[in-house]
Amino acid sequence: MSLVAPTPLGFERSPVAGTTLEDLDLASMHAYLRLRVASLRTAGEAVDPALFDRAAQRLGLVGTVASQLTPTVVGLMAFGTAPQLARPEWGVSCVRLRGASLADPVAARGDLEGRLEELVTGALAFVRGNTRVAPNLMSPTEPSPEYPEEAVREAVLNALLHRDYRLSGRVSLRIFNDRLEVWSPGGLVLPIALDDLAQHGGASFPRNPLLTATARSLGMGEQVGRGIPTIRRALAEATSLPVQFHTAQTEVRVVLPSYINASIGNVAGN
């Protein structure tokens with residue numbers, strides 16, 4: 001028996017109660033709409049705002065509540081000025097622990113808020129500020145990061161795109177001495193073995209297809225089934241230790257091992 005019902009098709013198009021168009025960066029959204037809608041792209045500068053509103057509705061970025069235009073889940077996450085004012089759980093919680101378990105002392109915390117792109121950028125900045133680098137013998141002026149940034153970016157982006165936005169949990173980024181974990185609320189949409197996808201790729205079954213497509217149009221992803229293989233490849237270039245995937249009915253967790261920690265055999269230190 002499933003503990004979490006499958007996300008209803010179209011839930012991501014649901015208007016977010018308590019928000020208005022003032023919660024959106026309309027300039028950014030209108031620029032996006034011009035890219036997506038040919039009639040807006042050729043209409044020149046003086047465009048009737050109603051045309052933008054209709055295009056945003058057609059693309060699922062806004063809906064209506066009591067006849068008022070209201071941002072949807074997708075609209076708020078892609079173009080919101082501060083989505084977490086309405087939905088605090090849609091941010092990212094970051095923590096750096098001095099050890100190998102959640103019971104160990106906390107060295108740093110980060111409470112990330114903002115739209116999708118800002119959350120990914122903030123997560124990468126937190127990782128850069130709270131992890132180590134190692135000498136790069138091939139390029140001494142460019143030290144190697146403890147965790148390949150490409151792998152971290154894919155893991156965080158995937159967590160935000162595929163999380164269940166009905167659940168109250170936040171995406172979490174946890175840095176231990178020996179690993180980095182990205183946790184997201186909501187299990188897989190289909191009973192797919194992530195290890196198989198990591199090996200072969202080529203399949204994309206997003207929980208939130210509209211949000212994923214919007215992110216792709218914004219240049220943040222591809223949606224061609226390369227995300228997990230990209231994580232695996234980026235990690236393989238740094239260490240022989242494999243990426244690990246843990247899935248349950250209510251969560252997905254991606255674990256990236258620290259190649260620096262493995263090379264020095266140190267779990268308790270730093």
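Values below: all heavy atoms of this structure, side chains included; hydrogens, waters and symmetry mates excluded. Along the sequence shown, residues are numbered consecutively beginning with 1. Since we're looking at a predicted model, the values are computed, not measured.
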N/O donor-acceptor pair under 3.5 Å between R179 side chain and A100 backbone: yes

Check whether the side chains of S168 and E89 place a donor and an acceptor atom closer than 3.5 Å, and report yes or no. no

Tell me the closest heavy-atom pair linking R233 and E150, and the distance in Å. NH2-OE2, 2.9 Å

H30 side, atom NE2; L35 side, atom CG - distance, nearest 0.5 Å: 13.0 Å

Atom CZ of residue position R109 - does it have more than 12 heavy atoms of other residues, nucleotides or ligands inside 6.0 Å? no

Indicate yes or no: at least one non-hydrogen side-chain atom of L69 is less than 4.5 angstrom from one of T64. yes

Dump the intermediate steps for side chain to side chain contact (heavy atoms under 4.5 Å, CB included) on R128 and E149, then the final yes or no. CA-CA 9 Å; R128 284 194 295 268; E149 188 161 296; 2.8 Å; yes

Are the side chain of E113 and the backbone of P83 linked by a donor-acceptor contact shorter than 3.5 Å? no

Determine, using the 4.5 Å side-chain heavy-atom cutoff (strictly less than), whether V73 and V65 are members of one ILVMFWY cluster. no

Shortest non-hydrogen contact from D23 toward G18: OD2-O, 4.4 Å

Following the transitive rule for hydrophobic clusters with a side-chain heavy-atom cut-off under 4.5 Å over Ile, Leu, Val, Met, Phe, Trp and Tyr, establish whether V156 and L180 coincide in one cluster. yes

With a 4.5 Å heavy-atom cut-off, do L51 and R54 have their side chains touching? yes

Might you work through the side chain to side chain contact (heavy atoms under 4.5 Å, CB included) test for D53 and V62, ending with a clear yes or no? CA-CA 8 Å; D53 293 342; V62 300; 5.9 Å; no

Are any non-hydrogen side-chain atoms of Y259 and L241 less than 4.5 angstrom apart? no

Measuring only between side-chain heavy atoms, which start at C-beta, is F176 closer than 4.5 Å to L102? yes

Greater than 12 external heavy atoms within 6.0 Å of E118's CD: yes

Pairwise distance OG1(T121) to CG(L116) - rounded to 0.5 angstrom: 9.5 Å

Grouping I, L, V, M, F, W and Y whenever their side-chain heavy atoms are under 4.5 Å apart, do L61 and F11 come out in a common cluster? yes

Rounded to the nearest 0.5 angstrom, the OG1-CZ distance for T247 and R253 is 10.0 Å

Please name the pair of heavy atoms, one in V243 and one in V254, separated by the smallest distance, quoted to 0.1 Å. CG2-CG1, 3.9 Å

Evaluate the ring planes of W90 and Y165, with Trp represented by its six-membered ring, and classify them as parallel (under 30°), tilted (30 to 60°) or perpendicular (over 60°). perpendicular

Spacing of CG belonging to L59 relative to CG belonging to L210, to within rounding of 0.5 Å: 8.0 Å

Side chains of N158 and R153: donor-acceptor distance under 3.5 Å anywhere? no

Determine the minimum heavy-atom distance between L160 and V120, stating which atoms define it. CD1-CG2, 4.0 Å

State, with a plain yes or no, whether a side-chain heavy atom of L97 is found less than 4.5 Å away from one of P105. no

Does R34 use its side chain to pair, donor to acceptor, with the backbone of L40 at less than 3.5 Å? yes

Is any side-chain heavy atom of L211 less than 4.5 Å from a side-chain heavy atom of M77? yes

Look up atom OG in S93 and atom CG in D111, then write down how far apart they are to the nearest 0.5 Å. 5.5 Å

same_hphob_cluster(V255, F245) at 4.5 Å side-chain heavy-atom cutoff: no

Assess the residue pair L161 and N208 against the criterion (side chain to side chain contact (heavy atoms under 4.5 Å, CB included)); give the C-alpha distance rounded to whole Å, side-chain angles, the decisive distance to 0.1 Å, and a yes or no. CA-CA 7 Å; L161 292 179; N208 305 299; 5.9 Å; no

Write down the atom of E154, the atom of I231, and the distance for their closest heavy-atom approach. CB-CG1, 3.5 Å

What's the separation between atom CE in M29 and atom CG in L26, rounded to the nearest 0.5 Å? 5.0 Å

Please evaluate residues T20 and Q68 with respect to the criterion side chain to side chain contact (heavy atoms under 4.5 Å, CB included), reporting the C-alpha separation (whole Å), side-chain torsions for both, the decisive distance (0.1 Å), and the verdict. CA-CA 8 Å; T20 69; Q68 298 295 316; over 6 Å; no

Do the non-hydrogen side-chain atoms of T212 and H162 ever get within less than 4.5 Å of each other? yes

Would you call P145 and T131 a side-chain contact if the rule is heavy atoms closer than 4.5 Å? no

Please check: side-chain N/O of S172 versus main-chain N/O of W183, any donor-acceptor pairing under 3.5 Å? no

Looking at every non-hydrogen atom in both residues, tell me the closest pair between N177 and R132 and how far apart they are. O-NH2, 3.4 Å

